[in-house]
Amino acid sequence: MSEGAGRKAVEVPVHDALIVGAGFAGLYQLHALRDRLGLSAHVLEAADGVGGTWWWNRYPGARCDSESHAYAFYFSEELLQSWEWSERYPEQPEILRYLNHVADRLDLRRDITFNARVTSARWDAEDNLWHVTTADGQRWAATWLITAVGCLSSANIPDIPGRDDFAGRWVHTGHWPHEGVDFAGLRVGMIGTGSTGIQAAPVIAGSAAHLTVFQRTANYSIPARNTPLTSAFKRWAKENAAEIREAMHATGNGHPWPVSDRSALEVDDAEREAIFRAAWEKGGLRLRATFRDILTDRRANDTAAEFIRARIREVVKDPTTAAMLTDIDHPFATKRPPIDTGYFETFNRDNVTLVDVRADPIERITPTGIRLKSGAEHALDIIVFATGFDAMTGALLRMGITGRDGLTLSDAWAAGPRTQLGLQVAGFPNMFTVTGPGSPSVLTNMPVAIEQHVEWITDCIAAMRARGVATIEPTEEACDRWVAHVNDVANATLMPQAGHSWYLGANVPGKPRVFMPYAGGMPAYRRVCDEVAAAGYEGFVTTGARTRVTA
Ligand code: NA7
C-alpha cells in the first residue's frame with residue numbers, strides 16, 4: 001500500500017486502522033477490526049513483545065490485584081477454554097505468557113510492528129488520514145487511529161535534586177530490567193508505598209542486606225491471600241464462564257462478586273466487625289464491597305478504615321513504626337486500594353526500616369544515598385523508585401498527537417482531559433482512546449473495561465463504514481457535558497478527598513487536578529455508551545462520504 005497517488009513522495013503504508021499498543025487493549029482491538037470487520041489494521045508497539053503493562057512492570061512481586069479467573073478475555077470461548085491460571089492472582093510472568101498465548105492463538109503477530117514508539121500522530125484533513133511517525137523515523141498512515149496505550153504506562157520519576165549524582169544504581173519499577181536486579185548484600189532504598197511498593201517491599205527485603213522504605217503517604221492494604229488454584233476451582237471457572245462474565249458485568253468495579261446492598265451503619269458493631277473480618281480472611285478487594293456506602297459515606301468508610309488500622313497495629317510489633325503505618329490521611333479506597341503478601345509483616349524484620357518523608361521530606365539524593373531535610377542521611381547502594389505513573393493522560397500526551405487545524409492534544413487538554421465518554425476528543429476526528437480518561441478504566445477490573453471499549457469502537461467504525469461516513473468526532477458541547485458529569489459522579493463519592501491521588505493527577509507536579517476516571521460504575525457507563533450508539537451516535541458529528549478508499 002502506498003499513500004496519496006504521487007502527491008507524497010515517500011512510500012508510506014496506509015491502513016484502515018492503526019492501533020498504538022499491544023497490551024490487552026491493542027491485541028483485542030486488532031482482532032476485532034481485522035477478523036470481525038475485515039479491515040486492514042496494524043499495531044505499533046514500543047516494546048519488543050506483546051504485553052503492555054505486563055511487558056514493562058517486571059519488578060519483584062509484580063502481580064495483578066484482580067483474581068486470575070476474572071483477569072482474562074471473555075469474548076472468546078476458545079481463549080477461555082485453552083488457558084489455565086495457576087494461582088488465585090496471576091503473577092507478571094504468567095500474564096505475559098497469557099498475552100503471548102492470545103497473540104499466537106489469534107495469529108496477531110503478523111500485524112504488529114514491535115520496537116515502534118509513536119512520536120507523532122497528525123490528522124490531515126486533506127486526505128482524511130492520520131499520519132503517524134515512530135521513533136526510528138518510519139511513517140504510517142490510517143483512517144482510524146486507536147490508542148491502546150494503557151492508563152499506567154508513563155513512568156513518574158520524581159525530579160529529586162541530585163539523582164544523577166548518585167554513585168549507585170537507580171531503577172523505576174515500571175522500567176524494570178529484564179535480566180532482573182540482584183539485591184543480595186545491597187542496601188536498598190525504596191521510595192513509594194502505593195500498590196507497587198507494597199508488592200515489592202516484602203520480596204526485596206527477602207534478599208537485600210537492608211531495605212529502607214521512604215513513605216510519604218501511609219496506605220491501607222489488605223492481605224491478598226494468594227494461593228495455588230485447585231483443579232476443582234479451575235474446572236468450576238471453565239464450566240461457569242457465562243455466569244462469571246455476567247457477574248463481572250453486573251458490578252461497578254467489574255469484579256466477579258456483588259457489592260452488598262447494606263449500609264455499614266445499619267448493622268451493629270459486632271455484625272460489622274464479623275463481616276469485615278470474613279472479608280479480611282478471604283483476602284483481596286472484596287473488603288471494599290462489604291457495604292454499599294464505603295465509598296460514599298465518610299462514617300461508613302471510617303468503620304472500614306479503623307478496622308484495617310487495627311489489623312495493621314496487630315501485625316506491626318514496633319509501636320513507632322505501627323503509628324507511622326497507620327497515620328493514613330485519606331478515606332479507605334479513595335486511592336487505589338493495594339492488596340499485599342506480607343507487607344506489614346515486613347516491618348518486623350531486622351533488615352527493614354520505615355522512614356516518614358512526609359514528616360521529614362527528602363531533600364536530595366547524594367552520591368552515597370538519600371538526605372532528608374533534617375540532615376539525616378541514609379546510605380544506599382541502590383534506589384528503587386516505586387513512584388507510579390503519569391496516569392491516564394501521560395502516555396497519550398507524549399505521543400505528539402495533533403488534530404484538526406493544528407490543535408495539539410496537550411493544548412486541548414491544558415486544563416485536564418476533555419472527552420466524550422472517554423472514547424473520543426473534540427477536534428481529533430477518527431481517533432479513539434481505549435480506556436481513555438473519562439471512562440471507568442482504572443476503577444474496574446481492566447479486561448472488562450477494555451472489552452467494552454473495543455467492542456463499542458468496533459461497532460462504531462462498522463456503522464460509520466456502512467454509512468459511508470468519512471469522519472466522526474464528538475462535539476465540544478458533548479465533551480463539556482461528559483466532563484461535568486464525570487466530575488459530578490466523582491464528587492458524589494469520597495474519592496476526590498484523597499487530594500494527592502493519581503486519579504486526580506495530583507502525583508505529577510504541574511498536572512491539572514481533575515478527577516479522571518468515571519466513578520459511576522461499569523453497568524451505568526455501559527448503558528450510556530449503548531444509548532449513545534443507539535441514538536445514532538448522539539453527541540458526535542460526522543462528515544460526508546469517504547474521499548478515498550484504503551486497500
Ligand atoms: P502509586 O499508587 O502512584 O504510588 C506511588 C507512590 O510513590 C506513592 O506512595 C507516592 O506517595 C510515592 N511518591 C511519588 N513521588 C514521590 C516523591 N517525590 N517522594 C516520595 N514519595 C513519592 O503508583 P504504584 O506504581 O504503586 O501503583 C500504580 C498502579 O499500578 C496501582 O494503583 C495499580 O493500579 C497498578 P504519595 O501517595 O503521592 O504521597
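Computed from a predicted model, the values in this text were never measured in an experiment. Whatever order the structure lists ligands and atoms in, that order sets their numbers, starting from 1.
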Which residue and non-hydrogen atom of the protein lie closest to [atom], and at what distance in Å?
| atom | result |
| --- | --- |
| atom 5 (C) of ligand 1 | Ala386 O, 3.4 Å |
| atom 34 (O) of ligand 1 | Arg336 NE, 3.2 Å |
| atom 26 (O) of ligand 1 | Thr196 N, 2.8 Å |
| atom 3 (O) of ligand 1 | Trp502 CD1, 3.1 Å |
| atom 36 (P) of ligand 1 | Thr217 OG1, 3.4 Å |
| atom 20 (C) of ligand 1 | Ile191 CG2, 3.4 Å |
| atom 12 (C) of ligand 1 | Gly192 CA, 3.6 Å |
| atom 23 (O) of ligand 1 | Gly388 CA, 3.1 Å |

Residue pair Gln199 / Tyr59, side-chain donor-acceptor N/O under 3.5 Å: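 Looking only at side-chain atoms, Tyr59 and Gln199 do form a donor-acceptor pair, the distance falling under 3.5 Å.
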Location of contacts on [X] toward ligand 1, heavy atoms closer than 4.0 Å:
| X | answer |
| --- | --- |
| Gln215 | neither |
| Pro158 | side chain |
| Leu152 | side chain |

Aromatic ring pairing Phe233/His69, orientation class (parallel under 30°, perpendicular over 60°, tilted between):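 Perpendicular.
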For residues 46-56, which side-chain donor-acceptor pairs fall under 3.5 Å, sequence neighbours excluded?
unit_1: Asp48; atom_1: OD1; unit_2: Trp55; atom_2: NE1; d: 3.3
unit_1: Trp54; atom_1: NE1; unit_2: Tyr71; atom_2: OH; d: 2.9

From Ile401, Ile146, Leu396, Leu423, residue fulfilling side-chain contact (heavy atoms from CB on, under 4.5 Å) relative to Met431: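 By the side-chain contact (heavy atoms from CB on, under 4.5 Å) criterion, Met431 pairs with just one of Ile401, Ile146, Leu396, Leu423: Ile401.
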Subset of ligand 1 atoms that lie under 4.0 Å from at least one heavy atom of Thr193: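 Going through ligand 1 atom by atom, the ones under 4.0 Å from Thr193 are 6 (C), 8 (C), 9 (O).
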Atoms in ligand 1 with a heavy atom of Ser195 nearer than 4.0 Å: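 So the answer, numbered in order with elements, is 26 (O), 31 (C), 32 (O), 33 (C).
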Candidate pair Leu44 and Phe114, rule side chain to side chain contact (heavy atoms under 4.5 Å, CB included), full reasoning: CA-CA 6 Å; Leu44 301 173; Phe114 294 106; over 6 Å; no
Lys NZ or Arg CZ of Arg163 over Trp170 ring: under 6.0 Å, within 45°: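 Positive - Arg163 is close enough to the ring of Trp170 and near enough to its axis.
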cation_pi(Arg58, Trp176) dist<6.0 Å, angle<=45: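 That pair does not qualify as a cation-pi contact.
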Proximal candidate to atom 37 (O) of ligand 1 [heavy atom criterion; set Met190, Arg216, Arg358, Lys335]: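 Shortest heavy-atom distance from atom 37 (O) of ligand 1: Lys335.
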Arg288 side chain to Ile294 backbone, donor-acceptor under 3.5 Å: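 Pair absent, no side-chain N/O of Arg288 close to backbone of Ile294.
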Partners passing salt bridge (Lys or Arg N to Asp or Glu O under 4.0 Å) against Asp488 (at least two apart in sequence or in another chain):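 Asp488: no salt bridge (Lys or Arg N to Asp or Glu O under 4.0 Å) contacts found.
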